[in-house]
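One structure is given here, and the rest of the page talks about it.
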Amino acid sequence: MLGVDAAREQVLAAVRPLPPVELPLLDAAGLVLAEDVVSDADIPPFRNSAMDGYALRAADVAGATAERPVRLTVVGEAAAGTGLPPAIGPGQAVRIMTGAPMPEGADTVVRFEETDEFDTGPRRSEVAVRRAVRAGENVREAGEDVRAGAVVLPRGTVLRPAAIGVLASLNRATVRVHRRPRVGILSTGDEVVDLGPPLRPGQIRNSNSYTLAALVRESGGEPVLLGVARDRTEEIRAKLRQAEDVDLLVTSGGVSIGDFDLVKQVLQAEGEVALWQVRIKPGKPMAFGRIGSVPLLGLPGNPVAAFVAFVQFGRPALRKMLGYRDPGIPTLRARLLSGHENRGRRRHFVRGIVERRGNEWVAWPCGLQGSGVLTSVTAANCLIILPETWDSAEPGDEVEVQLLDGVLPGGAA
Ligand SMILES: Nc1nc2c(c(=O)[nH]1)N[C@H]1C(S)=C(S)[C@@H](COP(=O)(O)OP(=O)(O)OC[C@H]3O[C@@H](n4cnc5c(N)ncnc54)[C@H](O)[C@@H]3O)O[C@H]1N2
Ligand code: MOO
Ligand SMILES: [Mg+2]
């Protein structure tokens with residue numbers, strides 16, 4: 001039986017980053033750049049003021065103090081968006097707003113808070129400056145953020161919100177990214193009934209398709225629901241074949257050794273089983289292989305086993321297809337507040353809560369840990385990892401915990 005790391009490596013080795021597509025800017029949020037983005041212009045495009053105040057020459061106010069302010073003549077006004085202001089000479093200033101172009105001749109801006117303005121007759125005014133300023137203070141140089149010709153965002157950059165904003169400032173309405181993987185999701189089981197009809201005795205509701213579809217979406221993929229197949233090889237085969245243009249198939253149920261666990265047989269007949277059974281709890285019976293050329297992740301039917309196995313194997317595979325450079329399962333080291341047993345030499349993913357207390361992270365298991373109990377996963381913010389070599393974990397033990405949504409709980413580390 002393979003360990004978790006070896007199994008993940010095998011899954012990752014079977015998938016590739018998907019080909020690039022050109023997408024409208026906002027549709028590319030969260031995806032990975034498949035081009036080097038080079039700026040064709042300076043950002044900011046012109047020298048401008050970082051403050052509301054007066055643009056002037058630093059040398060003119062070198063000796064200014066609150067007791068001995070320096071008076072300058074105000075020769076005009078510069079608002080953002082109204083073209084170039086008048087140039088200034090010695091002894092002159094321009095009233096300027098944040099974002100307005102700097103007047104020719106000015107090298108600094110003094111904030112309104114450090115000045116007093118005086119009316120000195122019709123269309124004339126003077127400003128008294130109460131503080132000396134450095135040349136360049138409160139001035140944003142053209143190109144100080146981005147220089148024309150520079151690679152601003154290299155290929156492989158994940159387009160988080162700030163990168164989307166940078167692309168907008170470069171006037172990029174579309175951008176080349178690795179496309180989203182389409183993931184076909186099939187639940188199997190005679191007892192499994194999709195949303196709608198009331199349950200008859202012995203039947204259970206299909207929750208896995210929906211958990212998995214949400215996980216696929218959260219991981220950057222596009223779920224394609226293939227419904228529920230009864231435990232018949234023909235029906236499983238037909239429903240899998242019916243999936244068009246998918247990059248990955250994910251099934252739930254029917255991978256253990258019961259009389260009606262047929263997913264592995266279908267995989268064997270239609271393609272190849274690359275691996276079956278992993279030293280993981282929950283999730284052990286998982287299978288991985290391919291149908292034709294499409295990789296297939298055969299997850300166990302138990303809802304928490306399907307969830308945990310998808311997070312360990314499905315999400316990293318999707319991230320690789322999306323062009324991410326690392327499989328991205330963020331972990332923290334935390335101290336256990338309560339113990340837990342781990343029989344069976346499998347790496348045990350215990351649903352739990354991790355939290356910052358003082359100067360350390362602490363974690364504890366939350367709720368029932370049965371592989372069919374999905375509600376306790378809704379209360380968890382992490383999976384506590386008990387190594388396969390441990391028979392049990394005791395309070396005070398240091399463990400790795402996997403964050404379920406990549407956001408640090410309870411403040412920054
Ligand atoms: N003799 C053994 N029996 C089992 C073993 C074993 O090692 N030896 N492993 C157990 C473990 S661990 C797991 S996990 C399950 C995996 O079972 P299968 O993948 O074969 O899944 P099914 O038998 O089809 O279903 C298991 C369980 O999950 C429920 N289920 C199935 N599909 C859905 C769905 N779409 N939504 C909600 N719930 C679903 C199903 O009703 C069953 O209760 O095998 C153990 N057995
Ligand atoms: O691995 Mo099963 O997933 O323990 O319930
Ligand atoms: Mg079974």
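Order of appearance sets the numbers: ligands from 1, and atoms from 1 within every ligand.
Evaluated by nearest non-hydrogen atom to atom 2 (Mo) of ligand 2, the leading choice among Ala309, Pro300, Gly370, Gly283 is Gly283.
Pro282 does not count as a contact of ligand 1, since none of its heavy atoms falls under 4.0 Å from the ligand. Note on ligand 1: Ser207 sits in its first shell, one or more heavy atoms being nearer than 4.0 Å.
Counting only N and O atoms by type, the side chains of Thr331 and Glu400 include a donor and acceptor under 3.5 Å apart.
With a 4.5 Å cut-off on side-chain heavy atoms, Leu167 and Leu159 count as touching. A heavy-atom distance below 4.5 Å is not found between the side chains of Arg346 and Glu388.
Under 4.0 Å from ligand 1, the heavy atoms of Ile204 that appear belong solely to its side chain. Of all the heavy atoms of Asn208, the ones lying under 4.0 Å from any atom of ligand 1 are found in both the backbone and the side chain. At a heavy-atom cutoff of 4.0 Å, ligand 1 is contacted by the side chain of Ile257 but not by its backbone. Residue Pro285 touches ligand 1 through its side chain alone, judged by heavy-atom distances below 4.0 Å.
Near Arg205, the atoms of ligand 1 lying under 4.0 angstrom from a non-hydrogen atom of the residue are 36 (N), 37 (C). The ligand atoms of ligand 1 that sit less than 4.0 angstrom from a heavy atom of Gly253 are 19 (O), 21 (O), 24 (O). Remark: ligand 1 atoms within the under-4.0 Å shell around heavy atoms of Ser187 are 35 (N). The ligand atoms of ligand 1 that sit less than 4.0 angstrom from a heavy atom of Asp261 are 20 (O), 23 (O). Here is the list of ligand 1 atoms found below 4.0 Å of a heavy atom in Lys284: 7 (O). Near Asn302, the atoms of ligand 1 lying under 4.0 angstrom from a non-hydrogen atom of the residue are 13 (C), 14 (S), 15 (C), 26 (C), 27 (C), 28 (O).
Residue-to-ligand polar distances place Ser371 within reach of ligand 2: an N/O pair is separated by less than 3.5 Å.
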